[in-house]
Amino acid sequence: MIRLTFPDNSSREFAAGITGREIAEGISKSLAKKAVAVALDGELADLADPIGRDGRIEIVTREDPRALGLIRHDAAHVMAEAVQELYPGTQVTIGPVIENGFFYDFHRNQPFTTDDLPAIEAKMREIVKRNAAFTKEVWPRDKAREVFRDKGENFKVELVDAIPEGEDVKIYRQGDWFDLCRGPHMASTGQIGDAFKLTKVAGAYWRGDSTKPMLTRIYGTAFARGEELAAYLHMLEEAEKRDHRRLGREMDLFHFQEEGPGTVFWHGNGWTMFQQIVSYMRRRLRGSYDEVNAPQLLDKSLWETSGHWNWFRENMFMARSAGEETDDDRVFAIKPMNCPGHILIFKHGLKSYRDLPLRMAEFGVVHRYEPSGALHGLMRVRAFTQDDAHIFCTEDQMAAECHRINDLILSTYRDFGFEEFVVKLSTRPEKRVGSDEAWDRAEAIMGDVLKEIAERSGGKIKTGINPGEGAFYGPKFEYVLRDAIGRDWQCGTTQVDLNLPGRFGAFYVDTDGEKKTPVMIHRAICGSMERFLGVVLEHYAGHMPLWLAPVQVVVATITSDADDYARSVQAGLEAAGLRADLDLRNEKINYKIREHSLAKVPVILVCGKREAEERSVNIRRLGEKDQKSMSLGEAVAALVEEALPPDLKRARDAATA
């Protein structure tokens with residue numbers, strides 16, 4: 001007999017081998033009808049699986065949030081069946097659940113295109129209506145190899161061979177179709193429902209290896225309810241409209257080209273916006289951090305000492321000084337990060353406990369190799385600028401510094417228009433450096449800080465744990481912000497490092513005259529400045545707040561009679577510190593307005609003969625139909641106030657309070 005405990009803490013004895021379906025039927029027929037899986041001690045399993053031990057049991061229904069992964073997993077299997085039914089000879093490879101959906105990779109002589117998706121989706125709906133039961137079988141390894149080999153499923157044979165000896169080879173059937181799968185699955189295809197959609201196709205190498213066959217990856221999504229699917233598809237439509245690459249073209253911000261893969265060619269407007277963000281960050285650091293700059297090219301030995309040569313070498317760009325005109329043959333690395341250089345700056349000159357905490361910041365350009373297929377506009381590049389900082393402190397100062405960083409990070413995000421955040425503590429990974437005792441201390445301190453962050457926010461800041469996701473040298477906080485259409489972006493980090501300073505022999509002289517190794521805190525707020533700018537662009541859909549807009553105002557004329565007045569208006573705006581352009585072209589005013597609106601210029605000041613006579617302007621704002629007429633002096637004063645960055649506005653208000 002086994003004893004199972006239910007969510008209400010009641011418990012009952014059952015014969016060993018009873019299934020979740022039988023337990024659900026014993027409770028009520030309605031529960032059995034709604035059940036899709038069972039959870040034993042929190043782990044999901046098939047309703048048909050025999051239960052052979054004591055534990056806490058939950059009957060999982062389709063309305064349970066945990067069922068969403070099952071719905072998507074089952075939808076992936078149904079998609080694979082639909083593909084093979086429609087296109088015989090197609091090989092199925094892998095099809096996992098991912099964030100917001102699922103995909104399956106297929107091998108076919110003629111790759112799939114988006115034109116194939118409607119037919120596949122229609123066939124999926126047929127299969128769902130068949131309501132075929134999902135059934136699990138366990139096969140001997142040799143049988144699995146033979147069956148898949150005879151079917152011509154060579155990728156499946158390779159997957160079977162990769163299953164460790166001693167592990168079961170599980171096969172899931174849905175009607176006559178079957179696939180290799182760990183499970184679990186719901187009871188039948190009908191429980192998937194109709195709230196699913198195939199979204200796109202892409203190329204993907206088998207096992208991510210460019211030397212292996214190219215596959216076609218078909219993406220889809222599924223939800224428990226139709227309204228959830230509709231909301232998600234609307235979000236995808238919004239995301240496409242907000243795509244920073246599209247905005248980059250419309251606003252003339254940047255471009256990419258093959259001569260510099262993964263590197264940004266900044267145009268004047270884009271570089272203006274980039275520098276506005278850098279200037280803002282510099283002001284926020286003033287008085288608390290020393291801004292430094294470490295070399296781009298450093299000898300291989302430095303990276304061997306830091307550990308990056310072993311841990312990060314495949315992502316580093318190398319350079320060698322060699323040739324007839326050089327007298328050495330040294331290997332250098334273009335820096336992928338700033339921390340070793342900052343340690344060398346810390347080591348230059350004797351440091352005392354009185355110097356701590358010592359905070360160094362650098363807007364350092366770093367280079368990291370990313371596969372060409374992973375590059376994605378500003379979001380994934382090979383060369384980027386980090387708003388990097390390192391704080392050298394004592395262990396007693398560590399918690400206070402983490403709180404100080406937290407306050408700076410969250411207030412920065414708010415200044416850029418973000419209001420929802422999650423702070424997650426990532427703990428020790430399997431592969432790491434340093435003693436367990438050092439990790440224990442660091443994780444304990446950061447765990448306490450995480451609790452205090454949640455408490456001080458009154459529950460407004462969500463917190464969580466990412467087990468095993470810390471850096472190889474220490475635990476870290478990850479800051480995730482949510483944009484205007486509900487997408488989450490991980491940007492800032494606070495990483496505590498009890499190992500790297502010691503590897504370089506860095507020390508300070510303590511109160512007792514002894515040498516002590518400092519704690520090093522790695523901190524980034526924007527992270528990659530390029531990526532952060534991309535996130536901000538998409539958050540605002542290009543409708544930037546005035547302080548961030550590259551061109552804040554365009555002065556446009558209706559007729560040439562107002563040209564001289566328009567020139568004086570632009571001069572007055574520039575004298576007041578605003579970024580203003582002038583449009584005196586011999587074009588209709590509506591044409592000018594449409595063109596500047598497409599370029600996302602926030603404010604257009606229209607000047608005609610009447611405005612020139614009255615020394616006024618007609619104000620048209622991006623995205624608004626209404627127009628407003630104001631005197632030139634009032635308009636300039638209002639725009640100057642609006643264009644004041646939020647940090648400067650706070651400082652001014654505090655000074656006058």
Side-chain angles (χ1 to χ4, degrees), residues 281-292 294 337-343 345-347 351-364 386-414 421 423-428 434 437-457 461 463 465 470-471 473-479 491-504 506-511 516-527 647:
M281 291 306 309
R282 281 199 167 106
R283 291 194 301 269
R284 296 301 311 273
L285 303 181
R286 194 172 296 147
S288 299
Y289 288 78
D290 293 328
E291 186 175 339
V292 299
M337 50 201 64
N338 300 301
C339 30
H342 289 190
I343 293 178
I345 295 173
F346 177 87
K347 285 182 64 179
K351 300 296 187 297
S352 159
Y353 69 93
R354 295 185 181 89
D355 299 312
L356 306 184
L358 194 157
R359 307 181 188 98
M360 294 182 196
E362 178 176 2
F363 297 94
Q386 279 189 313
D387 65 328
D388 217 357
H390 295 92
I391 295 92
F392 297 88
C393 63
T394 68
E395 197 167 309
D396 289 342
Q397 294 168 332
M398 197 171 89
E401 288 302 307
C402 286
H403 275 300
R404 185 187 187 105
I405 293 167
N406 175 76
D407 294 343
L408 177 59
I409 288 176
L410 296 184
S411 65
T412 295
Y413 293 162
R414 290 189 181 100
F421 322 106
V423 185
K424 297 181 179 180
L425 172 59
S426 297
T427 57
R428 70 191 76 185
E437 291 79 11
W439 278 89
D440 288 341
R441 293 196 309 274
E443 288 179 350
I445 292 171
M446 294 189 78
D448 290 340
V449 171
L450 189 69
K451 291 177 185 176
E452 291 169 4
I453 288 172
E455 290 169 359
R456 292 181 184 182
S457 73
I461 305 298
T463 59
I465 304 291
Y473 49 74
K476 62 181 179 179
F477 289 140
E478 292 185 348
Y479 287 82
C491 292
T493 58
T494 300
Q495 305 175 7
V496 170
D497 190 342
L498 303 177
N499 297 289
L500 201 58
R503 293 172 75 97
F504 281 91
F507 67 89
Y508 66 94
V509 178
D510 207 355
T511 54
K516 300 286 178 64
T517 303
V519 174
M520 183 180 186
I521 302 176
H522 308 246
R523 183 239 69 192
I525 298 174
C526 300
D647 61 306

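Hydrogens, waters and symmetry mates play no part in the numbers below; they use all other heavy atoms, side chains included. Remember, it's a predicted structure, so these values are computed and weren't measured experimentally.
The existence of a salt bridge linking R428 and D440 is confirmed by a sub-4.0 Å separation between a basic side-chain nitrogen and an acidic carboxylate oxygen.
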inquiry  = What verdict does the side-chain contact (heavy atoms from CB on, under 4.5 Å) test give for I391 and I405, after you've listed the backbone C-alpha separation in whole Å, the side-chain angles of each residue and the deciding distance to 0.1 Å?
reply    = CA-CA 10 Å; I391 295 92; I405 293 167; 3.8 Å; yes
task = Report the C-alpha distance between L500 and I343 in whole Å, list the side-chain angles of each, state the deciding distance to 0.1 Å, and finish with yes or no for side-chain contact (heavy atoms from CB on, under 4.5 Å).
result = CA-CA 9 Å; L500 201 58; I343 293 178; 3.6 Å; yes
ask   = Can you check side-chain contact (heavy atoms from CB on, under 4.5 Å) on R284 and L408, steps first, answer last?
value = CA-CA 8 Å; R284 296 301 311 273; L408 177 59; 3.6 Å; yes
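Counting only heavy atoms from C-beta outward, the side chains of V292 and H342 approach each other to under 4.5 Å. Side chains of P501 and D497 form a contact here, defined as non-hydrogen atoms less than 4.5 Å apart. Looking only at side-chain heavy atoms (C-beta outward), P357 and R404 stay at 4.5 Å or farther from each other. Taking the side chain as every heavy atom from C-beta outward, L425 and V449 never approach each other to under 4.5 Å. Looking at R359 and E401, their side chains come closer than 4.5 Å, going by heavy atoms from C-beta outward. Contact check for N406 versus Y479: side-chain heavy atoms found under the 4.5 Å cut-off. Contact of the C393 side chain with the V519 side chain is registered, since non-hydrogen atoms from C-beta on lie closer than 4.5 Å. Looking at E291 and L285, their side chains never come closer than 4.5 Å, going by heavy atoms from C-beta outward.
For the pair Y413 and I525, the tightest heavy-atom approach, listed with the atom from each and the gap, is OH-O, 2.8 Å. Here the closest non-hydrogen pair linking Y353 and D510 is CD2-C, 3.6 Å. The shortest non-hydrogen separation linking F392 to P518 is CD2-CG, 4.2 Å. Across N338 and G364, no two heavy atoms sit closer than the pair OD1-CA, 3.8 Å. Summarising the geometry of T494 relative to M446, their closest heavy-atom pair is O-CE, 3.7 Å, with the distance given to 0.1 Å. For A524 against I409, the heavy-atom pair with the smallest separation is O-CD1, 4.0 Å.
D355 places a side-chain N or O within donor-acceptor distance of the main-chain N or O of S352, the cut-off being under 3.5 Å. Here the side chain of Y289 pairs no donor or acceptor atom with the backbone of E362 at under 3.5 angstrom. Remark: side-chain polar atoms of K476 are not paired, donor with acceptor, to backbone N or O of A471 under 3.5 angstrom.
In this structure, NZ on K351 lies 9.5 Å from CG on L356, to the nearest 0.5 angstrom. From H390, atom NE2 reaches atom CE of M360 across 10.0 Å, with rounding to the nearest 0.5 Å. Between atom CD1 of residue I453 and atom SG of residue C402 there is a gap of 8.0 Å, rounded to the nearest 0.5 Å. Between the CZ atom in R282 and the CZ atom in R286 there is a gap of 9.5 Å [rounded to 0.5 Å]. Between the CZ atom of R354 and the OG1 atom of T511 there is a distance of 9.0 Å, given to the nearest 0.5 Å. In this structure, NE2 on H403 lies 8.5 Å from CG on D448, to the nearest 0.5 angstrom.
The environment of K516 atom NZ is dense: over 12 non-hydrogen atoms of other residues, nucleotides or ligands sit within 6.0 angstrom.
A cation-pi arrangement, defined by a distance under 6.0 Å to the six-membered ring centre and an angle within 45 degrees of its axis, is absent between R503 and Y473.
Shown here are the side-chain contact (heavy atoms from CB on, under 4.5 Å) partners of R414, two or more places apart in sequence or in another chain: L410, E419, F421, I461.
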